[in-house]
Amino acid sequence: LSEEEVEHSTFLEELLCTLDESLVNRRLEEHLTEKEVEAISLSFGLDDGHEKTLAEIALVMDLSKDEVKTLRRDGLAKLKDVFSSKKESG
């Protein structure tokens, strides 16, 4: 993982520990594309508690591993922006 991906992943893990999971899921669905939500949900086991590898996600989503990485990276960046702006304004 790149430094940016690690930062985004750490952010999501901390967010899940501090916030209601249903709130995080709502924010995912409100601000991310369906594919970004699916890639993040599978990566972090948000649906079933089991984290999936890039290869597993690529197979499920019928995408390349690079496409999955891009979806995950972009989605996590959007999510970080959403929650960061909520903290600043709230």
Using the test side-chain contact (heavy atoms from CB on, under 4.5 Å), find all partners of Glu34 that sit at least two apart in sequence or belong to another chain. none
side-chain contact (heavy atoms from CB on, under 4.5 Å) partners of Asp66, counting only residues at least two apart: Ser64, Lys69
What do the steps show when you test Glu56 against Leu59 for side-chain contact (heavy atoms from CB on, under 4.5 Å), and what is the final call? CA-CA 5 Å; Glu56 291 170 327; Leu59 186 62; 5.8 Å; no
Pairs involving residues 36-46, ordered by first then second residue, that meet salt bridge (Lys or Arg N to Asp or Glu O under 4.0 Å) (sequence neighbours left out): Glu36-Lys78
Apply salt bridge (charged side-chain N to carboxylate O under 4.0 Å, His left out) to [X] and list each qualifying residue two or more places apart in sequence or on a separate chain.
X: Asp48; value: Lys52
X: Lys35; value: none
X: Lys65; value: none

Shortest non-hydrogen contact between Ser41 and Asp47, atoms and distance: CB-OD2, 3.8 Å
With rounding to the nearest 0.5 Å, note down the distance linking [atom1] in [X] to [atom2] in [Y].
X: Ile57; Y: Ile40; atom1: CD1; atom2: CD1; value: 10.0 Å
X: Leu71; Y: Leu76; atom1: CG; atom2: CG; value: 10.5 Å
X: Asp74; Y: Leu79; atom1: CG; atom2: CG; value: 12.5 Å

Check whether Val68 and Val60 end up in the same hydrophobic cluster, where Ile, Leu, Val, Met, Phe, Trp and Tyr are linked by side-chain heavy atoms less than 4.5 Å apart. yes
Carefully, step by step, assess Asp81 and His31 under the rule side-chain contact (heavy atoms from CB on, under 4.5 Å). CA-CA 10 Å; Asp81 287 344; His31 297 283; over 6 Å; no
